[in-house]
Amino acid sequence: MLIVMRHGAAEDEVDRVVATIEEMGYQARPMPGKQRTTVGLVGNDGRVDGSRLAALPGVQEIIHVTKPYKQVSREWQPEPTVVRLPGGLTVGGDEVVVMAGPCSVESERQILAAARAVREAGATVLRAGAFKPRSSPYAFQGLGRAGLELLARAREDTGLLIVTEAMDAEGLDQVVEVADIVQIGARNMQNYSLLKHAGRCGKPVLLKRGLSATIQELLLSAEYLLAEGHRQVILCERGIRSFDQATRNLFDLSAVPVVHGLSHLPIVADPSHGTGHRDMVIPMARAAVAAGADGLLIEVHPHPDRALSDGAQSLFPDQFERLMKEVRLIAEAIGRRVAEPAAART
Ligand code: PEP
Ligand code: MN
């Protein structure tokens, strides 16, 4: 429920609304706006009788949020959330942010070569996993903490920001020390204890859609983060499981406009995991930008044929460079721009 205050409502009128919500056994989230303050009521599971609040001085109207998720909904916050990253980079505004790099950190040589290549082509965030959720326990599991150190080294070398996955609460504490954005992977989208932990981690969180998750389930998982008081959340469409073997996953491009309609949170697209084949990544990356995605997550490897994970869907650096040129044009055609590396922005 949202309690909309009158334009110019006094501070003590807002305080009274907050106190009344707390007396009713719920939590209040005051949100000062340019025009008026809104106070969100959270902690309810079902409809709340708002008559007591409606009668308070300074209250203009009561809005019942009709969706099962509250704070992530457009009803709760009509204007888009803009996630702010170090160096002035933003996700969810006019800029389209390209996050690129290998599936896994494999060695210093590999991650530096990948970072330099994607930086050269114009990416602003380096993506690579140190903790890898693999289907087989015998597959490469990632370098762990040593991988995080290599990512820090790659950031120092290139100025790229870092997005990397945390698979559990213990790993999250390590990831937070290095990452500029903490990734919660598809397999953990419904790991609610990890989400609660991530909601308190203090770094922006990139939440990937689960393997068989509906958009409503994705938004409810994001609600876990916002329920902890976190606001800097980026969603990611990475394909969902389907009956069709022609692609690794079914890349659900329609999730982009659907999420934009239902939520104020930004959504980026990952056509690498979405399709599983490098030749399909390129057209779907173009399409995702055209569809309004707030960013791209693209796997790029200096030698995809030697990659320890996801080589088949990893672009060669020269393919990525061409793709960047194309997505710049596409972004411009819809009134946006691809974010430039920090040095080019200042
Ligand atoms: C990844 O980004 O490398 C990854 C493992 O993705 P997902 O969780 O979408 O499978
Ligand atoms: Mn991968």
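When a ligand or atom number is given, it counts from 1 through the structure's own listing order. The basis for the numbers below is simple: all heavy atoms, side chains too, and nothing from hydrogens, waters or symmetry mates.
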- Item | Protein residues that have a heavy atom under 4.0 Å from any atom of ligand 1, sorted by chain and number | Cys103, Arg127, Lys132, Glu165, Gln183, Gly185, Ala186, Arg187, Lys208, Arg238, His273, Glu299
- Task: Please report the C-alpha distance between Ser242 and Asp244 in whole Å, then the side-chain angles of each, then the deciding distance to 0.1 Å, and finally whether the side-chain hydrogen bond (donor to acceptor under 3.5 Å, both in side chains) criterion is met.
- Result: CA-CA 5 Å; Ser242 104; Asp244 197 329; 5.5 Å; no
Between [Y] and [X], is there a salt bridge with N-O shorter than 4.0 Å?
X	Y	value
Arg145	Glu149	no
Glu79	Arg74	no
Arg200	Glu228	yes
Glu95	Arg336	no
Asp310	Arg248	yes

- Task: Would you list the protein N, O or S atoms within less than 2.8 Å of the Mn ion (ligand 2), leaving out water?
- Result: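 Under 2.8 Å from the Mn ion (ligand 2) - ignoring waters, which are not counted - the protein N, O or S atoms are Cys103 SG, His273 NE2, Glu299 OE2, Asp310 OD2.
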For residues 295-304, tabulate all N or O donor-acceptor pairs below 3.5 Å that involve a side-chain atom, not counting sequence neighbours.
residue : atom : partner : partner atom : Å
Glu299  : OE1  : Gln313  : NE2          : 2.7
Glu299  : OE2  : Arg127  : NH2          : 3.2
Glu299  : OE2  : His273  : NE2          : 3.1
His301  : ND1  : His303  : N            : 2.8
His301  : ND1  : His303  : O            : 3.1
His301  : NE2  : Glu106  : OE1          : 3.2
His301  : NE2  : Glu106  : OE2          : 3.2
His301  : NE2  : Gln110  : NE2          : 3.4

- Item | Qualifying salt bridge (Lys or Arg N to Asp or Glu O under 4.0 Å) pairs with a residue from residues 178-193, counting only residues at least two apart or across chains |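 Only Arg155-Asp180 qualify under salt bridge (Lys or Arg N to Asp or Glu O under 4.0 Å).
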- Message: Quick one, Thr247 with Thr275, criterion side-chain hydrogen bond (donor to acceptor under 3.5 Å, both in side chains). Give me CA distance, side-chain angles, the key distance, then yes/no.
- Response: CA-CA 5 Å; Thr247 54; Thr275 63; over 6 Å; no
